[in-house]
Engineer: 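Mind having a look at this structure? Questions to follow.
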Amino acid sequence: MPAKVGDEDPTFWADAIAAQVEGPQVVNDSKTPSGTVHVGSLRGVVLHDAIRRALHDRGTEARFLYGVDDMDPMDAQAHLSGDAVAEWMGVPLFRVPAPEGSDAASYARHFVGRLFLSTFAPLGVAPETYWMSECYADGRMDPYIRLTLDRADRVRAIYLEVSRVAKANDWLAISVICQTCGRIGTTLATDWDGQTVAYVCRADLVEWAVGCGASGRVSPFGGRAKLKWNADWAAKWSLLGVTIEGCGKDLATAGGSRDRSDAIAREVFQREPPLDIPYEFLTIGGRKMSTSRGLGATAHQMTELMPPELLRFLFLRHKPRRALEFDPAGDAIPGLFDEFDRIASATAGQPVRGELPPAPERIFRMSLVQEDADPATEGARFRPPFRHLTLLVQVPGTDMEARFSAEKGEPLDALEDDILARRTVVARAWLDGFAPDRYLVAVRAALPVEAADLDAGQRAYLSALADAAQAERPAAGDVWQDLIFRTAQSLGTASGDAFTALYLAFLGRPNGPRAGWLLASLDAAFVGARLREAAAPTAAPVPATAG
RNA sequence: GGGCCGCUAGCUCAAUGGUAGAGCAGCUGACUCUUAAUCAGCUGGUUGAAGGUUCGAGUCCUUCGCGGCUCACCA
């Protein structure tokens, strides 16, 4: 049965949140498009989507909005070069041009509109998106600008009381766009007279941009100015009627941004702020993920690599306040597949080993891209174990479909073929770019020292195999495999010992991919020589140390 | 200086205040076309430390330690 109203389980965090609210809900999240968006930014997206789904499952009416703060000033140099830094730093993002080669209308439209928002649909996330530059330009923010300026002393008091930040007596929570140079990050506004504010575009207001020195008076309405971050946030809540909005821990700290915005919402806009869901970041090796650390950490790249349900699962399986350790270069990705498959099986009613997290079927269902998919049906699909796949893709000529059909016990259906194909791509990309060495199967150029562990029986076996290969000249993998077994039989060597001998001789490890196909992929003369070399009684030096 | 999160097996993590568990890794065994698969089993812990509350604490309270993030500049 497809998921339906009544499926919710309060032990799943999103259901617990949904149970706290009454009446129609507006879930909101937003993003400042100032730099490259890393995969951790998807946590907020998936989290809010999960809450929306949980509300839906409860029968609660809910919308999901996603805003782009493209009125914010450009403050990151990552994607600017040379002259562009001086020219565009401090300019509102909706006016900064897209990078060369992009036909997007602005920097913001390129990095967030094209690269980031395009990751949403594959993840099964479909919010109503809005652009703050438009909300300002069409005047919808004007009432909140007026309130903020009329109650400027109250706003300053909030900064002082909540965050112990003392603003100057004439400070206003607004940034105007300089009429001369077009920057918004470098202007300081004062003296609200009910119609206009005075401003100065200062060279030294912020470290990251240089203002032009112009000054004047300007009306702050109709897109000529933007509320400062905290007022802007609170104004959005009123404008859009937001009732639920989580935020990252950087904003959620006591006396931090969220507290200030909450206070502004209550005291300036007379509205209770939305329910907060503070959430933790993604970490690599205990450190906050950043695009400068490690490959493929951007949201765009990671959504191309990972199947979407796995990425959803990554964020949904743990509570929001838990930091997620996710190092693509470690065991995180294989581990994620393993755990996903286990929970999929459990959801399908199949027996699984070990204990399950609370509400596994909810986690699984929420991980599926299709909201109305039937979890039991999806969970029952055959999924090739990822670690096994990482091995098989390293053996030339492996017929994956045949291998996994055999493992499943019947032919894969079309959807299972898709899962296999997708995982195969992931396995290859992961091995190429991330995987620890121990996942890599490499035929050693010289006889591995580990071959010293071979016993007399194994050496005899390798010698006999070399003779047999010389006589029969096997070429195909299955012919090699047959020869491996026949030779073992004829010598009375246990097949396990035979395979171990081969792996040690070629890979320097006691196990590996299907030996016949492995040998078939190598040069025949090399194989013969290596077999005889490993078979020699003094085959390899004894390793200097045992440990 | 303030705040938040975390500290449980080698690693990643579970456990409405009620017998500390799992996955992966590791080890042992089984397996003739299966050989990093699959199957069976095993090892593995003073739950960061010390107090306190409780019949009972991984869980609640206090203090401390360690790690990380974060605010105090901007968004």
Side-chain angles (χ1 to χ4, degrees), chain A residues 10-11 30-35 69 71-76 90 93 159 162-166 175 184-185 205-209 226 228-230 232-233 248-260 278-281 283 285-288 317-327 330-332 334-343 352-358 360 384-392 394 403-404 406-407 438-439 441 477-486 488-489 493-500 502-503 507 509-516 518:
Chain A
T11 63
S30 56
K31 181 72 197 157
T32 299
S34 60
D69 295 321
M71 270 291 270
D72 291 357
M74 167 68 99
D75 65 354
L93 287 158
Y159 271 75
V162 175
S163 302
R164 296 197 193 103
V165 176
S175 298
I184 195 171
L205 187 71
V206 291
E207 290 176 6
W208 36 269
K226 167 195 166 300
K228 288 281 186 183
W229 166 238
N230 295 286
D232 177 79
W233 200 3
K249 68 162 4 184
D250 53 333
L251 307 176
T253 188
S257 268
R258 179 65 182 226
D259 281 355
R260 287 197 295 272
Y279 54 88
E280 268 278 1
F281 294 135
T283 60
R287 305 197 145 264
K288 183 180 174 182
R317 61 195 285 222
H318 291 127
K319 293 171 185 169
R321 307 237 11 174
R322 175 123 209 155
L324 299 179
E325 170 69 15
F326 183 73
D327 182 358
D331 281 316
L336 195 64
F337 277 99
D338 286 345
E339 185 65 6
F340 181 84
D341 292 354
R342 214 167 65 90
I343 290 184
V352 294
R353 310 174 65 162
E355 283 191 8
L356 292 163
F386 188 75
R387 284 185 168 88
H388 192 200
L389 199 52
T390 62
L391 171 73
L392 294 178
Q394 295 181 75
R403 278 303 306 265
F404 286 112
E407 213 167 279
R438 64 194 159 77
Y439 284 91
V441 171
D478 54 345
V479 180
W480 261 112
Q481 192 80 353
D482 180 60
L483 186 60
I484 290 166
F485 275 103
R486 276 195 287 112
Q489 268 183 319
T493 304
S495 58
D497 289 344
F499 279 98
T500 301
L502 286 170
Y503 295 126
L507 307 176
R509 52 195 296 164
N511 47 38
R514 303 175 80 198
L518 176 68

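This is a predicted model, so every value here is computed, not measured. Proteins come first, then strands; the chains are lettered A, B, ... in the order of their sequence lines, and each starts at number 1.
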Engineer: Hey, are the side chains of A/Phe404 and A/Leu389 touching, using non-hydrogen atoms and a 4.5 Å cut-off?
Structural biologist: yes
Engineer: Could you state the atom-to-atom distance from CZ of A/Arg260 to C1' of B/rC74 in whole Å?
Structural biologist: 10 Å
Engineer: Kindly indicate, with the supporting measurements, whether the criterion side-chain contact (heavy atoms from CB on, under 4.5 Å) is fulfilled by A/Leu518 and A/Leu502.
Structural biologist: CA-CA 10 Å; A/Leu518 176 68; A/Leu502 286 170; over 6 Å; no
Engineer: Which whole number of Å gives the distance between the P atom of B/rA49 and that of B/rA25?
Structural biologist: 29 Å
Engineer: Please give the distance between the P atoms of B/rA37 and B/rG3 as a whole number of Å.
Structural biologist: 50 Å
Engineer: Round to the nearest Å and state the distance from A/Leu251 atom CG to B/rC69 atom P.
Structural biologist: 16 Å
Engineer: Heavy atoms from C-beta onward define the side chain here; which of B/rA75, B/rC24, B/rA37 lies closest to that of A/Ser175?
Structural biologist: B/rA75
Engineer: Considering only the C1' atoms, how many Å lie between B/rC24 and B/rC64, rounded to the nearest integer?
Structural biologist: 34 Å
Engineer: For the P atoms, the ones on B/rC60 and on B/rC7, what distance do you get once it is rounded to whole angstrom?
Structural biologist: 11 Å
Engineer: Just how far, in rounded Å, is C1' of B/rA75 from CG of A/Asp75?
Structural biologist: 6 Å
Engineer: Taking the side chain of A/Val165 as heavy atoms from C-beta outward, which of B/rC13, B/rA72, B/rA75 is closest to it?
Structural biologist: B/rA72
Engineer: So which one's nearest nucleotide on RNA chain B is more toward 5', A/Trp229 or A/Arg321?
Structural biologist: A/Arg321
Engineer: Taking CD1 from A/Ile343 and P from B/rA14, how many angstroms apart are they, rounded to a whole number?
Structural biologist: 12 Å
Engineer: Mind calculating the distance between CG (A/Asp338) and P (B/rC13) to the nearest angstrom?
Structural biologist: 15 Å
Engineer: Does A/Lys228 make a side-chain N or O approach to OP1 or OP2 of B/rC74 shorter than 4.0 Å?
Structural biologist: no
Engineer: What distance, rounded to whole Å, do you find between the two P atoms, one in B/rG48 and one in B/rA14?
Structural biologist: 14 Å
Engineer: Between A/Gly90 and A/Pro73, what is the shortest heavy-atom contact and its length?
Structural biologist: O-CB, 3.7 Å
Engineer: Minimum heavy-atom separation for A/Asp72 to A/Ile184, with atom names?
Structural biologist: C-CG2, 4.4 Å
Engineer: Do we count A/Phe485 as stacking onto B/rU32 if the rule is ring centres under 5.5 Å and planes under 30°?
Structural biologist: no
Engineer: RNA chain B in dot-bracket, Watson-Crick or G-U pairs under 3.5 Å, [ ] crossing, | other strand?
Structural biologist: (((((((..((((....[..)))).(((((.......))))).....(((((..]....))))))))))))....
Engineer: At under 4.0 Å between heavy atoms, what does A/Arg164 touch on the DNA or RNA strands: base, sugar-phosphate, or nothing?
Structural biologist: nothing
Engineer: Are side-chain N/O atoms of A/Trp229 and A/Ser257 paired as donor and acceptor at under 3.5 Å?
Structural biologist: yes
Engineer: Would you kindly give the CD-to-P distance between A/Glu280 and B/rC69, to the nearest whole Å?
Structural biologist: 11 Å
Engineer: Looking only at heavy atoms, which two atoms of A/Arg260 and A/Val162 are closest? And how far apart?
Structural biologist: N-CG1, 3.9 Å
Engineer: By nearest heavy atom, map A/Arg387 and A/Arg486 onto RNA chain B; which one lands nearer the 5' end?
Structural biologist: A/Arg387
Engineer: Looking at every strand, decide which applies to A/Ser257 at a 4.0 Å heavy-atom threshold: base, sugar-phosphate, or nothing.
Structural biologist: base
Engineer: Considering only the P atoms, how many Å lie between B/rG67 and B/rC73, rounded to the nearest integer?
Structural biologist: 26 Å
Engineer: So A/Ser495, base contact, sugar-phosphate only, or nothing? Heavy-atom distance under 4.0 Å.
Structural biologist: base
Engineer: Between A/Tyr159 (OH) and B/rC73 (P), how many Å, whole number?
Structural biologist: 11 Å
Engineer: Roughly how far apart, to the nearest Å, are B/rU62 and B/rC69 at atom C1'?
Structural biologist: 25 Å
Engineer: Would you indicate what A/Ile484 reaches in the nucleic acid, counting non-hydrogen atoms under 4.0 angstrom: base, sugar-phosphate, or nothing?
Structural biologist: nothing
Engineer: Which pair of heavy atoms, one from A/Ile484 and one from A/Ala515, lies closest together, and at what distance?
Structural biologist: CD1-CB, 3.8 Å
Engineer: Over all strands shown, is A/Asp72 touching base, sugar-phosphate only, or nothing at heavy-atom distances under 4.0 angstrom?
Structural biologist: sugar-phosphate
Engineer: Report the distance from atom CG of A/Asp341 to atom P of B/rG23, rounded to the nearest whole Å.
Structural biologist: 14 Å
Engineer: Taking atom C1' in both B/rU19 and B/rA30, compute the distance separating them and give it to the nearest angstrom.
Structural biologist: 33 Å
Engineer: Please report the closest heavy-atom contact between A/Gly516 and A/Gln481, naming both atoms and the distance.
Structural biologist: N-OE1, 2.7 Å
Engineer: Passes side-chain contact (heavy atoms from CB on, under 4.5 Å), A/Arg387 versus A/Leu391? Steps please.
Structural biologist: CA-CA 7 Å; A/Arg387 284 185 168 88; A/Leu391 171 73; over 6 Å; no
